[in-house]
Number of protein chains: 2
Amino acid sequence: MPKQTFFNLTEDKKSRILDAAIAELGSKPFEKVSVAEIIEKADIPRGSFYQYFEDLKDLYRYVLQVTGEEKMCYMQHVMGQMADWDVFKIIRELYLAGLKFAAENPRLAAVGNYYFREDLSLKLEIFPDMEDRGREFFEAILAKGRERGEIDPDVDIPMASFILYNLTYDITDYFFGKTGVSDGLLSHQEDYLKLADKMLYIIEVGLRNRKKEPSRD
Amino acid sequence: MPKQTFFNLTEDKKSRILDAAIAELGSKPFEKVSVAEIIEKADIPRGSFYQYFEDLKDLYRYVLQVTGEEKMCYMQHVMGQMADWDVFKIIRELYLAGLKFAAENPRLAAVGNYYFREDLSLKLEIFPDMEDRGREFFEAILAKGRERGEIDPDVDIPMASFILYNLTYDITDYFFGKTGVSDGLLSHQEDYLKLADKMLYIIEVGLRNRKKEPSRD
DNA sequence: TTATTGTATGACACCAGTGTCACATTGTCA
DNA sequence: TGACAATGTGACACTGGTGTCATACAATAA
């Protein structure tokens with residue numbers, strides 16, 4: 001956690017620092033990000049940085065937390081009303097909301113994507129406790145879907161949620177091209193929503209309980 | 001490419017160096033690997049290292065090439081006879097062969113897996129030309145499958161090969177746990193072959209041409 | 001033996017980064 | 001005004017890495 005000193009700062013200064021950090025942490029793996037770059041971009045002296053944060057990891061953790069909350073907040077409206085939907089509709093809406101979030105907040109999404117690809121040892125250093133909440137989330141959804149008979153009972157739930165969880169990030173990479181934040185990600189919104197749909201369709205057909213539901217053809 | 005000096009070395013020394021490099025490059029992302037560690041493990045002086053290689057990247061490139069060839073060689077027998085197989089059998093055999101290779105050569109596989117997760121900018125620095133041969137490979141296979149009517153014509157081939165390609169690495173991570181090379185990967189051979197099968201089954205059902213093939217239920 | 005060529009070696013200059021510390025500045029309250 | 005607390009600041013010591021270079025050694029050909 002940042003020190004109290006940081007929270008006492010003016011909004012302007014705080015957001016300058018956050019902006020700089022997000023820009024750096026969303027443009028390269030953590031190992032390559034340096035305090036030097038961030039303070040230069042934020043235009044604060046080195047000493048101050050250490051007045052605000054324990055070290056870079058402290059800031060990283062904070063940025064991740066903030067961007068994570070932002071995303072959760074964004075997805076709230078989807079999560080709110082999904083209780084009675086078909087599993088596949090839930091998954092689809094989650095994907096689309098996630099992609100839309102990435103499109104509208106490419107810089108934040110980039111931070112998350114880089115984090116996801118980090119070394120496990122680093123991840124654990126940043127968040128020693130919680131890990132793979134995303135996968136657990138999908139697991140819960142799929143489990144419920146199975147209870148309702150919407151999912152083929154032969155499907156291995158942990159495996160399927162693993163696939164879905166990983167593909168979330170894979171597909172974002174696919175669009176981001178990982179060439180640095182986004183060269184007009186928004187402009188291709190149509191394209192990638194369509195593509196995500198195609199992808200999910202493949203998975204859906206693979207997971208659906210064909211003994212109960214009629215097949216789509 | 002390593003310098004001639006390296007190739008003139010005794011087999012023993014060469015393999016000591018290669019072993020050390022593989023151990024390091026398969027245990028952490030490239031940014032964290034240092035010449036210091038490798039020369040210590042290989043027990044050669046610093047000066048010698050630079051007598052053999054331009055720098056760490058030079059060695060990395062070489063290791064990647066060697067391990068890649070090793071894998072290709074291993075998969076040769078699968079690739080040789082797959083011409084007349086059903087696409088899904090081809091994919092399945094490729095996956096199984098890949099996983100078996102990883103099980104039998106966990107250290108080599110680990111190097112490849114870390115490489116796959118590297119930053120695009122680093123990848124391009126290592127291999128400026130060839131990139132994503134793996135994806136192209138899947139693409140060719142799927143394209144052929146479609147020609148033969150085995151694959152749903154609505155399936156987006158680049159997207160599907162993207163999924164298959166990425167899952168190759170995802171699934172290896174899933175078993176390796178990325179906790180460092182392998183805690184008895186071989187002992188779970190049964191488990192993971194079974195699990196890979198389940199995964200492929202999901203994908204297969206999703207891709208198969210249901211207008212032509214009877215559904216499996 | 002003596003050049004010559006190829007190899008081995010580790011001290012070293014250099015660099016990029018970190019975290020700290022003594023000192024400067026500002027604000028507030030008695 | 002003075003004094004105390006909070007904050008700002010950048011020079012600096014330190015660390016862990018890189019790539020080089022002068023020098024030592026070995027093998028071989030003249």
Check every strand shown and say whether A/K32 touches a base, only sugar-phosphate, or nothing at a heavy-atom separation below 4.0 Å.
nothing
Is the closest side-chain heavy-atom distance between A/R135 and A/F138 below 4.5 Å?
no
Correct closest heavy-atom pair for B/L122 and B/K57 would be CD1-CE, 4.0 Å
To the nearest Å, give me how far apart CZ (A/F53) and P (C/dT20) are.
16 Å
Can you give me the closest heavy-atom contact between A/Y115 and A/L64, atom names plus distance?
CD1-CD2, 3.5 Å
Between A/L56 (CG) and C/dT20 (C1'), how many Å, whole number?
16 Å
Here the distance between atom P of C/dA8 and atom NZ of B/K3, to the nearest Å, is 12 Å
Basic-acidic side-chain contact under 4.0 Å: B/K28, B/E37:
yes
Close side-chain approach of A/P2 to A/Y62, heavy-atom, < 4.5 Å:
yes
Given B/R117 and B/D173, is the salt bridge (charged side-chain N to carboxylate O under 4.0 Å, His left out) satisfied, shown in steps?
CA-CA 10 Å; B/R117 300 299 185 197; B/D173 283 355; 2.9 Å; yes
Counting only heavy atoms not in B/K144, do more than 12 sit closer than 6.0 Å to its NZ atom?
no
Could you tell me from which nucleotide to which nucleotide of DNA chain D, 5' to 3', there is an atom under 4.0 Å from chain B heavy atoms?
D/dG17 to D/dT20
For a quick check of understanding: with a heavy-atom distance under 4.0 Å over all strands, which category does B/K13 fall into, base, sugar-phosphate or nothing?
sugar-phosphate
Distance, rounded to the nearest Å, where A/D55 contributes CG and C/dT20 contributes C1'
14 Å
Residues of residues 34-51 of chain A with any non-hydrogen atom less than 4.0 angstrom from an atom of DNA chain D: list those, numerically ordered, please.
A/P45, A/G47, A/S48, A/Q51
For a quick check of understanding: with a heavy-atom distance under 4.0 Å over all strands, which category does B/Y52 fall into, base, sugar-phosphate or nothing?
sugar-phosphate
Got a sec, which residues hit salt bridge (charged side-chain N to carboxylate O under 4.0 Å, His left out) with B/K198, two or more places apart in sequence or on another chain?
A/D156
